[in-house]
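Notes for the one structure printed next.
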Number of protein chains: 2
Amino acid sequence: MSQHRHPGAPGRAGAVPTLPDLPEATVARLPEYLRALHNLADSGHETVSSEGLANAAGVNSAKLRKDLSHLGSYGTRGVGYDVALLIEQIESVLGLTQCRSVALVGVGNLGHALAGYDGFATRGFRIAALFDADPARVGEEINGLVVRHVDELSRVAAEQLISIGVIATPARAAQAVADQLVAVGVTSILNFAPCVLSVPEGVDVRKVDLAIELQILSFHEHRKASLTALPGTAGSALTALPGGLAATDTQEAIGT
Amino acid sequence: MSQHRHPGAPGRAGAVPTLPDLPEATVARLPEYLRALHNLADSGHETVSSEGLANAAGVNSAKLRKDLSHLGSYGTRGVGYDVALLIEQIESVLGLTQCRSVALVGVGNLGHALAGYDGFATRGFRIAALFDADPARVGEEINGLVVRHVDELSRVAAEQLISIGVIATPARAAQAVADQLVAVGVTSILNFAPCVLSVPEGVDVRKVDLAIELQILSFHEHRKASLTALPGTAGSALTALPGGLAATDTQEAIGT
DNA sequence: CGCGATTTGTGCACGTCTTCACAAGCGCCT
DNA sequence: AGGCGCTTGTGAAGACGTGCACAAATCGCG
Ligand SMILES: NC(=O)c1ccc[n+]([C@@H]2O[C@H](COP(=O)([O-])OP(=O)(O)OC[C@H]3O[C@@H](n4cnc5c(N)ncnc54)[C@H](O)[C@@H]3O)[C@@H](O)[C@H]2O)c1
Ligand SMILES: NC(=O)c1ccc[n+]([C@@H]2O[C@H](COP(=O)([O-])OP(=O)(O)OC[C@H]3O[C@@H](n4cnc5c(N)ncnc54)[C@H](O)[C@@H]3O)[C@@H](O)[C@H]2O)c1
């Protein structure tokens with residue numbers, strides 16, 4: 001039933017290329033730093049301070065420094081970080097030095113948008129294949145890629161090394177698709193269908209659920225409305241909101 | 001604690017839902033419970049145990065009980081939770097008892113998919129208006145809604161009470177759109193553009209960034225590849241992966 | 001060469017989140 | 001009625017994440 005942790009890890013003798021073992025929270029922020037760094041590089045900056053990069057990425061500068069310190073010491077005290085070097089390091093840690101192939105299953109409403117999105121290629125990913133179960137959609141060409149039938153998945157996966165599978169089918173089909181992806185060796189899945197997926201150990205699933213995001217926003221709307229309606233403290237109850245909303249990922253403003 | 005007959009007997013006159021001040025991590029999970037509960041209700045279940053609901057939602061049962069305990073005591077020991085009652089309570093806490101209106105700005109590739117998505121209406125949201133800056137797109141009708149020019153935002157917002165703004169424009173336009181949304185009184189924004197938004201205090205921003213999700217998956221792929229390549233601990237290194245990946249939100253398998 | 005200005009890297013304290021473990025409560029069966 | 005099995009709700013402990021504050025390191029300049 002429940003998984004037990006191993007308190008003492010088996011001997012970690014070899015410290016060869018510093019298998020980093022980053023905190024998950026840090027991993028989740030590295031892509032943001034990377035985007036900010038690319039923006040800075042494009043605008044001609046060669047170095048950047050933790051304060052500057054933290055601003056560009058929308059985080060606390062101490063947090064940013066701690067995050068980066070987990071990768072090693074790539075900054076220079078009194079100067080800051082070399083933008084190009086830091087990009088290189090983060091991309092290396094994230095495994096973006098090779099272009100990863102993505103298979104997209106479910107070329108419907110959402111799948112079409114994803115297939116036509118150019119933001120993948122610019123960030124180290126390549127959509128390698130499109131799949132759908134609807135015969136009417138099979139054969140359609142999107143962005144130079146032909147939609148194949150989902151039954152061909154194993155054949156196509158054998159030709160190309162698929163790194164990540166994206167599921168954009170209705171929820172009722174998602175588990176079956178996940179099983180098929182796992183069967184052809186995919187160990188990372190991004191799921192847009194609103195359902196939980198069961199996958200074997202060693203397979204990572206991340207999900208994106210629109211409605212959940214909206215409902216979280218709804219909660220805060222509701223709370224804000226309750227506060228302003230309450231007669232307790234007068235009008236300016238809003239300014240009494242706690243600044244730090246942590247948890248999943250909520251930005252709260254910082255003006256200048 | 002459990003008052004089935006006379007709700008709100010003790011204490012003050014108004015049987016107010018007590019403004020619970022939930023932990024953010026809990027708020028982020030309530031929508032998942034809600035979805036699981038709706039599925040259970042559709043399949044005829046009248047009650048469900050914490051174990052059963054936790055399974056359906058893909059979380060630990062202790063965590064689920066603690067989350068629900070923050071809303072009050074709506075379970076019955078030895079029996080479980082009443083599905084219908086729990087749905088009602090969670091929807092009440094999330095502010096979903098009223099249908100919230102959403103304004104979508106940027107009806108391009110992604111915006112089209114969002115506008116045509118029926119998963120909003122079924123979960124308590126209504127797309128109230130579509131906006132774009134491109135004159136070629138203004139006037140187009142999607143799902144019975146006409147795309148308006150973004151300059152009309154303030155006029156339309158005056159007619160309808162917009163609860164949430166969704167930004168699906170290119171990144172370079174996102175900040176300006178956010179400013180316009182804030183200007184017409186929107187205090188909750190869902191941002192699909194890959195950039196950080198500056199908004200005044202009291203405005204909540206949540207973002208959805210595809211590339212970030214893929215890059216996080218890429219990191220784990222990279223790590224798994226390193227592990228299997230390492231001769232240190234033999235072949236079955238994968239099975240030694242820690243079960244609990246917490247942080248943002250990664251499901252890891254539980255088969256059977 | 002030394003000094004001050006600047007910025008990194010991190011020890012530490014604090015808050016949040018997770019998980020275990022178990023008493024209290026509930027319904028059913030005898 | 002009483003006991004028994006099942007389930008909730010929660011205290012406590014530990015893991016994890018955050019942010020302050022400061023020593024150590026570096027650069028530029030007189
Ligand atoms: N459209 C959106 O904006 C949006 C937003 C958030 C979430 N989602 C979710 O994303 C998923 C897709 O949404 P959509 O609007 O594109 O739906 P859609 O119905 O337009 O597209 C689904 C596609 O999946 C295909 N499909 C069905 N079963 C399949 C299978 N077994 N194998 C392969 N392909 C299969 C269908 O043929 C169809 O083309 C849904 O789960 C939806 O809830 C969509
Ligand atoms: N397409 C995807 O699958 C996808 C996935 C992830 C993220 N995104 C992000 O979502 C955003 C939209 O992507 P897209 O593929 O739909 O781009 P798109 O270019 O197809 O659509 C953008 C739309 O926004 C409109 N627009 C531009 N400036 C505007 C303004 N100031 N006010 C109102 N409307 C304006 C444009 O006219 C266009 O219709 C981008 O930031 C993109 O990075 C897209």
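Protein chains get the first letters and strands the later ones, always in sequence-line order, with residue 1 at the start of each. All values below come from the heavy atoms of this structure, side chains included, with hydrogens, waters and symmetry mates left out.
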key: S218(B) and H220(B) side chains, donor-acceptor separation under 3.5 Å   =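 Absent: no donor and acceptor within the cut-off.
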query = Would you say the side-chain atoms of E221(A) and S188(B) include a donor-acceptor pair closer than 3.5 Å?
reply =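 Note: E221(A) and S188(B) side chains meet the donor-acceptor criterion.
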ask   = Salt bridge check: are R223(B) and D21(A) linked by an N-O gap of less than 4.0 Å?
value =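 No salt bridge links R223(B) with D21(A).
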query = Can a salt bridge be assigned to the pair E32(B) and R35(B) using a cut-off of 4.0 Å between side-chain N and carboxylate O?
reply =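 A salt bridge is present here (some side-chain N lies under 4.0 Å from a carboxylate O).
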Protein proximity profile, nucleotides 4-12 of chain C - base contact B, sugar-phosphate-only contact S, no contact -, cut-off 4.0 Å on heavy atoms = --BBBBBBB
query = Looking only at side-chain N and O atoms, does N60(A) come under 4.0 Å of OP1 or OP2 in dG17(D)?
reply =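 Indeed not, no polar side-chain atom of N60(A) lies that close.
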Rounded distance (Å) that lies between atom [atom2] of [N] and atom [atom1] of [X]:
{"X": "D82(B)", "N": "dG27(C)", "atom1": "CG", "atom2": "P", "answer": "13 Å"}
{"X": "L53(B)", "N": "dG9(D)", "atom1": "CG", "atom2": "C1'", "answer": "15 Å"}
{"X": "K63(B)", "N": "dT8(D)", "atom1": "NZ", "atom2": "C1'", "answer": "18 Å"}
{"X": "E24(B)", "N": "dT16(C)", "atom1": "CD", "atom2": "P", "answer": "11 Å"}
{"X": "R29(A)", "N": "dG17(D)", "atom1": "CZ", "atom2": "P", "answer": "8 Å"}
{"X": "D21(A)", "N": "dG17(D)", "atom1": "CG", "atom2": "P", "answer": "11 Å"}

query = Partners of D179(B) by side-chain contact (heavy atoms from CB on, under 4.5 Å), sequence neighbours excluded?
reply =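 Partners of D179(B) by the side-chain contact (heavy atoms from CB on, under 4.5 Å) criterion, ordered by chain and then number, come out as Q175(B).
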key: Set of residues satisfying side-chain hydrogen bond (donor to acceptor under 3.5 Å, both in side chains) with respect to R65(B), sequence neighbours excluded   =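 Partners of R65(B) under the side-chain hydrogen bond (donor to acceptor under 3.5 Å, both in side chains) test: S50(B).
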